[in-house]
Amino acid sequence: NDFYWIIKHFDDTLLRHIKNNFDEESGTELLTTWKQLCDEIVTLQKNGISPESEQGQSAAKEWWDIVLQFTGGDMSMLPQLMKFAESKDDWNNDLKEKLTIAQPFISQALGIYFKNQGYNPFEEGSQ
């Protein structure tokens with residue numbers, strides 16, 4: 001599996017969640033979608049598209065949809081996902097490079113997206 005290396009960076013909570021909620025096919029599909037979105041965001045940046053733009057906000061929505069799909073809406077998992085993203089220095093070079101480029105863009109785009117939605121995922125009771 002091309003994505004096995006990712007599992008090595010998950011903590012026990014994320015591993016348990018994956019085992020309980022995804023099979024190999026659905027897990028691979030989700031990771032493939034995430035990787036494609038990283039590619040798309042890198043392209044947006046290279047083309048000078050801003051996080052505030054329609055395309056930037058569409059990417060933010062897609063990113064958040066992936067997070068929701070992965071977590072099943074359990075926002076208590078966000079800290080573990082953020083910790084996983086912070087471990088990117090130990091990832092394979094291709095995805096590490098893409099996420100390093102995409103992360104500032106998607107962080108800004110998500111902030112705008114959440115503000116426009118009147119939503120704060122870190123606030124108790126948010127969905």
Side-chain angles (χ1 to χ4, degrees):
N1 185 327
D2 291 337
F3 296 111
Y4 174 74
W5 63 269
I6 291 175
I7 302 299
K8 296 186 317 184
H9 297 287
F10 282 175
D11 66 13
D12 290 342
T13 301
L14 292 176
L15 282 173
R16 196 170 29 261
H17 178 75
I18 289 169
K19 286 180 183 180
N20 292 335
N21 294 285
F22 297 94
D23 59 23
E24 185 173 345
E25 182 180 337
S26 63
T28 299
E29 182 180 312
L30 184 65
L31 289 170
T32 299
T33 301
W34 178 59
K35 187 174 183 268
Q36 290 170 341
L37 184 55
C38 284
D39 291 339
E40 179 184 323
I41 291 167
V42 167
T43 300
L44 290 175
Q45 284 187 289
K46 286 181 179 179
N47 291 332
I49 306 298
S50 74
E52 301 88 8
S53 70
E54 187 175 324
Q55 294 122 317
Q57 288 303 287
S58 176
K61 181 186 181 319
E62 287 180 57
W63 189 279
W64 188 241
D65 287 347
I66 290 170
V67 169
L68 291 176
Q69 183 180 358
F70 179 82
T71 64
D74 181 356
M75 296 298 100
S76 70
M77 296 184 73
L78 288 180
Q80 286 95 345
L81 283 176
M82 292 169 69
K83 185 176 179 183
F84 165 69
E86 290 168 2
S87 75
K88 72 179 175 290
D89 290 339
D90 297 327
W91 294 7
N92 79 19
N93 286 333
D94 180 50
L95 195 53
K96 174 175 66 174
E97 182 180 321
K98 287 177 186 172
L99 189 60
T100 298
I101 294 168
Q103 205 164 24
F105 182 96
I106 200 60
S107 292
Q108 186 177 357
L110 279 170
I112 294 163
Y113 177 76
F114 294 147
K115 183 178 178 187
N116 290 341
Q117 300 297 313
Y119 173 69
N120 180 349
F122 300 99
E123 195 172 87
E124 185 104 7
S126 290
Q127 295 183 2

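One-based numbering along the sequence shown.
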From [X] atom [atom1] to [Y] atom [atom2], the distance as rounded to the nearest 0.5 Å:
X	Y	atom1	atom2	result
Thr71	Leu81	OG1	CG	7.0 Å
Lys83	Leu14	NZ	CG	9.5 Å
Glu62	Glu40	CD	CD	5.0 Å
Ile41	Gln36	CD1	CD	12.0 Å
Gln80	Leu15	CD	CG	11.0 Å

Tell me every residue that passes side-chain contact (heavy atoms from CB on, under 4.5 Å) with Asn116, counting only those two or more places apart in sequence or in another chain.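 Only Gln57, Ile112 meet the side-chain contact (heavy atoms from CB on, under 4.5 Å) criterion with Asn116.
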Excluding sequence neighbours, so at least two apart, what forms side-chain contact (heavy atoms from CB on, under 4.5 Å) with Ser107?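 side-chain contact (heavy atoms from CB on, under 4.5 Å) check on Ser107 returns Gln103.
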May I ask whether Leu99 and Leu44 are part of the same hydrophobic cluster, defined by side-chain heavy atoms of I, L, V, M, F, W, Y residues being less than 4.5 angstrom apart, directly or through others?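 Yes, it is one cluster - the side chains of Leu99 and Leu44 are joined through contacts under 4.5 Å.
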Are Ile106 and Val42 connected in a single hydrophobic cluster, I mean Ile/Leu/Val/Met/Phe/Trp/Tyr linked by side-chain heavy atoms less than 4.5 Å apart?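 The answer is no; the residues belong to distinct hydrophobic clusters.
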Plane angle bin for Phe70 and Phe22 - parallel if under 30°, tilted between 30 and 60°, otherwise perpendicular: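 Geometry flag for Phe70 against Phe22: parallel rings.
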Any non-hydrogen side-chain atom of Lys115 less than 4.5 Å from a side-chain atom of Leu110?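 Result no, sub-4.5 Å side-chain heavy-atom pair not found.
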With the side chain counted from C-beta on, respond yes when Lys98 and Lys35 share a heavy-atom pair under 4.5 Å apart, and no when they do not.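 When only atoms from C-beta onward are counted, Lys35 and Lys98 do touch, with a gap below 4.5 Å.
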Could you walk me through whether Leu68 and Met75 pass the side-chain contact (heavy atoms from CB on, under 4.5 Å) test, one step at a time? CA-CA 8 Å; Leu68 291 176; Met75 296 298 100; 3.5 Å; yes
Contacts of Ser58 that satisfy side chain to side chain donor-acceptor pair (under 3.5 Å) - sequence neighbours left out: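 Partners of Ser58 by the side chain to side chain donor-acceptor pair (under 3.5 Å) criterion come out as none, since no residue qualifies.
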Ser26: which residues meet the side chain to side chain donor-acceptor pair (under 3.5 Å) condition with it, sequence neighbours left out?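 Result, side chain to side chain donor-acceptor pair (under 3.5 Å) vs Ser26: Asp23.
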ring-ring contact (aromatic ring centres under 6.0 Å, His included), paired with Trp64, selected from Phe114, Tyr113, Trp34: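 One option only clears the test, and that one is Phe114.
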Report, as yes or no, whether the 6.0 Å neighbourhood of atom CD on Glu29 holds more than 12 heavy atoms from other residues, nucleotides or ligands.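 No, not enclosed.
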Are there more than 12 heavy atoms of other residues, nucleotides or ligands under 6.0 Å from atom CG of Asn47?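 Atom CG in Asn47 is packed in, count exceeds 12.
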Quick one: closest heavy-atom pair of Cys38 and Ala102, and the distance?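 Smallest heavy-atom distance, with atoms named: O-CB, 4.3 Å.
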Minimum heavy-atom distance Gly56-Ala109, with the two atoms named: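 It is O-CB, 3.7 Å.
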With Asp74, which residues qualify under salt bridge (charged side-chain N to carboxylate O under 4.0 Å, His left out), at least two apart?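 Listed in chain order: nothing, the list is empty.
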Looking at residues at least two apart in the chain, or sitting in another chain, which of them share a ring pair (Phe, Tyr, Trp, His ring centres under 6.0 Å) with Phe105?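 Counting only residues at least two positions away or on another chain, Phe105 forms no ring pair (Phe, Tyr, Trp, His ring centres under 6.0 Å).
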